[in-house]
Amino acid sequence: MAVRDAFGLTFSGATDAGFSPYSQAVRELQCFIGDPIGSVDRAIAANPDFVMAHVFKGYLFGLATEREATAVARTCHEAALPLAATTREQAHVAALGHLAWGRWHEASRILEDIAIDSPLDLVALLTGHQVDFFTGNSRMLRDRIGRALPSWQSSMPGYHAVLGMQAFGLEEMGDYARAEKLGRAAVEIEPRDGWAQHAVAHVMEMQSRQKDGIAWMRANPEAWTRESFLKVHNWWHLALFHYDLGETDEVLALYDGPIYGDGSPLALNMVDASAILWRLHLGGVDVGDRWAALAANWHKAGGGNYAFNDAHAMMAFVGAGLEAPARTVVEAQREAMRGDDDNAAFTRDVGRPLTLAIKAFGDGNYTETVRLIRPIRAIANRFGGSHAQRDVIDLTLMEAALRSGDGALARALTAERALARPDSPLSALFSRRAADLSEN
């Protein structure tokens, strides 16, 4: 029992009854909309032996970076293992196994090989691209898709998603002009493609084009928010533009509304919430009791599962003034570093020193914050995220240098930022503060 898709790929254990909702799940992931988990569950219900349905569900949960979701991914892997499968599908099963057990880099390499052999395997591209994001592999964000792109034609279903992923990879490698061109083309083909929308926002963030970014995000929010599970992150991008312009009230309004008005317990949404509140905290903005609700959700989630999340959880605990949960995160990281998965390295190389630096900042020990962050700046990509997300590390370092009274370092860091983002009002503000520190 098998079905062939429009690209000639075989799907073992599938009938039309199961393949239809599976295809819908893949289309939903292309745009980050709808309920791909519900769709793939219908595929599994119709065809229990549909191996790629189990794999796809496992990928969705494995990429959630949450402990309970990881357990579901492992269950999906166990369900897929004994099922009939082609060589390509067996490789997917192996990739899922590595992902479910925290071996991100092994999963990446297998997905890379699948896409080399089958460049029209959109699930391999979509999943591999997200793995590249969570491991901070900028080059593969670009090259994984770039290798496959010549095999795609504009008339093919899902072409917009390939363009959107290529746009984000180009942006992360600093090729802003081509990134924006491809991102805009993807959105023109499919306005609901939230990843392509976000790729263009990244370009404008890195180029300090705040007003362009606000116009881009506000032009058609209905398209990128409707039924979108990426909408919180895209609202976060809009908030960053307002933040850089010093429009604090607008940032808080976005936080209280679409960013964290519903108090989401999902790690990906809590990361965005922590990141925006921490930026305000660095600027001395009183955010009231917002930290408390966010910290409560982070406390329930636990730590030590993904280092990038741990650092953002610590921001919330510091902001809320909660000492016990902060210690719990530190202990969870100590345990995580004893593991044999990739998160042990994520934590050891970047996550732990950064988390301790954030804790030191909260304790007013700014010199210690500087000491901990400086060695990890150049390797911060190792624990995942994008350039825009990891910018919070530089912001924390600059603020700590200023508060510690280290005028020479503050001048050096602010000069560096002014060169990278010359049109940023925030860069100008830091430069003025560094100059004032030197004069005093």
Side-chain angles (χ1 to χ4, degrees), residues 7 9 25-33 36 52 55-56 58-65 73 88 91-92 95-96 98-99 103-152 156-175 178-179 182-183 185-187 189-190 192-203 228-230 233-234 268 306 308 342 381 383-390:
F7 303 109
L9 300 176
V26 176
R27 288 194 301 272
E28 288 169 331
L29 182 59
Q30 291 170 22
C31 293
F32 289 76
I33 60 173
M52 280 305 297
V55 169
F56 185 79
Y59 283 153
L60 293 175
F61 280 93
L63 294 169
T65 70
R88 179 184 65 87
H92 271 292
L96 172 59
H98 286 301
L99 178 63
R103 297 185 292 270
W104 293 79
H105 297 304
E106 286 296 326
S108 173
R109 279 187 283 273
I110 293 174
L111 288 164
E112 178 184 355
D113 288 341
I114 294 172
I116 288 172
D117 291 338
S118 303
L120 299 180
D121 186 333
L122 189 52
V123 170
L125 295 175
L126 288 165
T127 306
H129 189 67
Q130 290 303 311
V131 170
D132 295 334
F133 170 75
F134 284 112
T135 57
N137 192 337
S138 297
R139 180 166 179 174
M140 280 303 293
L141 278 167
R142 179 193 65 186
D143 294 346
R144 183 187 302 272
I145 310 304
R147 296 166 178 174
L149 190 56
S151 298
W152 284 79
M156 291 178 173
Y159 180 68
H160 68 88
V162 179
L163 288 184
M165 289 187 286
Q166 184 71 95
F168 184 62
L170 289 167
E171 178 277 321
E172 287 296 287
M173 289 296 290
D175 193 343
R178 284 202 298 167
L182 291 187
V187 171
I189 294 169
E190 175 49 80
R192 298 186 70 190
D193 187 335
W195 193 256
Q197 176 78 25
H198 127 284
V200 177
H202 268 272
V203 169
S228 171
F229 48 91
L230 192 65
H233 187 65
N234 275 333
L268 300 180
Y306 180 56
F308 193 83
D342 289 336
N381 64 293
F383 89 143
S386 65
H387 292 304
Q389 287 177 306
R390 294 189 300 268

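Excluded from the calculations below are hydrogen atoms, water molecules and symmetry mates; all remaining heavy atoms, backbone and side chain alike, are included. All of these numbers come straight from a predicted model, not from anything done at the bench.
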Participant: Minimum heavy-atom separation for Gly164 and Ala199, please, with both atom names.
Facilitator: O-CB, 4.0 Å
Participant: I'd like to know if the side chain of Glu172 reaches the main chain of His387, judged simply by a donor and an acceptor atom lying under 3.5 Å from each other, with no hydrogens or angles considered.
Facilitator: yes
Participant: Counting N and O atoms only, with roles assigned by atom type, does the side chain of Asn234 sit under 3.5 Å from a partner on the main chain of Gln197, one being a donor and the other an acceptor?
Facilitator: no
Participant: What are the two closest heavy atoms between Phe133 and Ser386, and how far apart are they?
Facilitator: CE1-N, 3.8 Å
Participant: Can any side-chain N or O of Tyr59 pair as donor or acceptor with the backbone N or O of Leu126 at less than 3.5 Å?
Facilitator: no
Participant: Do Arg144 and Glu112 have side-chain heavy atoms sitting under 4.5 Å apart?
Facilitator: yes
Participant: Do Thr135 and Met140 have side-chain heavy atoms sitting under 4.5 Å apart?
Facilitator: no
Participant: Going by heavy atoms in the side chains, are Glu190 and Arg27 under 4.5 Å from each other?
Facilitator: no
Participant: Are Leu149 and Leu163 close enough, and set up right, to give a side chain to side chain contact (heavy atoms under 4.5 Å, CB included), and what steps lead you there?
Facilitator: CA-CA 8 Å; Leu149 190 56; Leu163 288 184; 4.2 Å; yes
Participant: Any donor-acceptor pair under 3.5 Å linking the side chain of Arg390 with the backbone of Gly385?
Facilitator: yes
Participant: Could you check Asp121 against His92 for side chain to side chain contact (heavy atoms under 4.5 Å, CB included), going step by step and ending with a plain yes or no?
Facilitator: CA-CA 11 Å; Asp121 186 333; His92 271 292; 2.9 Å; yes
Participant: Take Thr65 and Phe308 through the side chain to side chain contact (heavy atoms under 4.5 Å, CB included) test and state the conclusion after the steps.
Facilitator: CA-CA 9 Å; Thr65 70; Phe308 193 83; over 6 Å; no
Participant: Can you classify the ring geometry of His202 versus Phe168 as parallel (below 30°), tilted (30 to 60°) or perpendicular (above 60°)?
Facilitator: perpendicular
Participant: Identify the residue among Leu141, Ile145, Leu170 that makes a side-chain contact (heavy atoms from CB on, under 4.5 Å) with Met165.
Facilitator: Ile145
Participant: Using the ring centroid of each side chain, check whether Trp195 and Phe32 are separated by less than 6.0 Å.
Facilitator: yes
Participant: Using every non-hydrogen atom in the two residues, find where Leu122 and Gly158 come nearest and quote the distance to one decimal.
Facilitator: CD2-CA, 4.1 Å
Participant: Of the non-hydrogen atoms in Tyr306 and Gly384, which two are nearest, and what is the gap between them?
Facilitator: OH-CA, 3.9 Å
Participant: Looking at OG1 of Thr127 and CD1 of Ile110, how far apart are the two atoms once the value is rounded to the nearest 0.5 Å?
Facilitator: 12.5 Å
Participant: If we only count heavy atoms from C-beta on, is the Pro157 to Gln30 side-chain gap below 4.5 Å?
Facilitator: no
Participant: Taking all heavy atoms of Ile114 and all of Ala124, pick out the closest pair and write down the distance.
Facilitator: CG2-CB, 3.7 Å
Participant: Are any of the side-chain heavy atoms of Leu230 and Leu268 separated by less than 4.5 Å?
Facilitator: no
Participant: With the side chain counted from C-beta on, respond yes when Ser138 and Asn381 share a heavy-atom pair under 4.5 Å apart, and no when they do not.
Facilitator: no
Participant: Got a donor-acceptor contact below 3.5 angstrom from the Asp342 side chain to the Trp104 backbone?
Facilitator: yes
Participant: Within the distance-only criterion (no hydrogens, no angle test), does the side chain of Gln166 pair as donor or acceptor with the backbone N or O of Arg142 below 3.5 angstrom?
Facilitator: yes
Participant: If you compare all heavy atoms of Ala179 against all heavy atoms of Val203, which two are closest, and at what distance to 0.1 Å?
Facilitator: CB-CG2, 3.7 Å
Participant: Evaluate Leu63 against Leu99 for side chain to side chain contact (heavy atoms under 4.5 Å, CB included), listing each step before the verdict.
Facilitator: CA-CA 8 Å; Leu63 294 169; Leu99 178 63; 4.2 Å; yes
